[in-house]
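Have a look at the structure below, then the notes.
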Amino acid sequence: AVFPNTTSIQSVSLVPVSPDYTPRASDKSRFTDVTEDTPHAKEIWWLGANGIAEGWDDGSFRGMDTVKRQDMAAFLHRLGNYANTGSVKS
């Protein structure tokens, strides 16, 4: 469940990422504010690499920002499509 004042990082922590996933340099450079020290960085990079997390126009992820309902709906829609088809496209 998503509760009021849930942050992007809290939401990402719910996503199971394969232990076999190794972020590429392009994955690590996708979001300007995600580093090795960022909580759940591997999950964030995986979500970005697969088109599930898109980030902001300035290239940031903004993991400490509160998630808006419409943003979570879009995130869950893309995640569901990926889980069912291997693609974020419906």
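All values below come from the heavy atoms of this structure, side chains included, with hydrogens, waters and symmetry mates left out. For this chain, numbers begin at 1 and follow the sequence in order.
- Note that the CD1 atom of Ile44 and the NZ atom of Lys28 stand 13.0 Å from one another [nearest 0.5 Å].
- Ion pairing of Lys68 with Asp71 is absent here, as no side-chain N (NZ or NE/NH1/NH2) approaches a carboxylate O to less than 4.0 Å.
- When every heavy atom of Phe61 is checked against every heavy atom of Ala53, the shortest pair comes out as CE1-CB, 4.1 Å.
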request  = Starting from the C-alpha separation in whole Å, work towards a yes-or-no answer on ring-ring contact (aromatic ring centres under 6.0 Å, His included) for Tyr82 and Trp46.
outcome  = CA-CA 12 Å; Tyr82 184 86; Trp46 181 86; 5.3 Å; yes
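- A donor-acceptor pair is defined here as one N or O able to donate and one able to accept, closer than 3.5 Å; no such pair exists between the side chain of Asn81 and the backbone of Ser87.
- Between the side chains of Asp37 and Thr35, no donor N or O sits under 3.5 Å from an acceptor N or O.
- A cation-pi contact links Arg62 to Trp56, judged by a cut-off of 6.0 Å to the six-membered ring centre and 45° from its axis.
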task = Kindly indicate, with the supporting measurements, whether the criterion side-chain contact (heavy atoms from CB on, under 4.5 Å) is fulfilled by Leu47 and Phe75.
result = CA-CA 10 Å; Leu47 290 166; Phe75 173 83; 3.8 Å; yes
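- Panel note: side chain Asn50, backbone Ile52; no donor-acceptor pair is recorded below 3.5 Å.
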request  = Any chance you could lay out the side-chain contact (heavy atoms from CB on, under 4.5 Å) test for Asp27 and Tyr21, step after step, and finish with the verdict?
outcome  = CA-CA 11 Å; Asp27 299 340; Tyr21 168 70; 2.8 Å; yes
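- To the nearest 0.5 Å, atoms CD (Gln70) and NE2 (His77) are separated by 15.0 Å.
- For the pair Arg78 and Val88, the tightest heavy-atom approach, listed with the atom from each and the gap, is O-CG1, 4.0 Å.
- Taking CH2 of Trp45 as the start and OG of Ser29 as the end, the distance is 10.0 Å to the nearest 0.5 Å.
- Listed for the Arg30 side chain is a donor-acceptor partner under 3.5 Å among the backbone atoms of Gly48.
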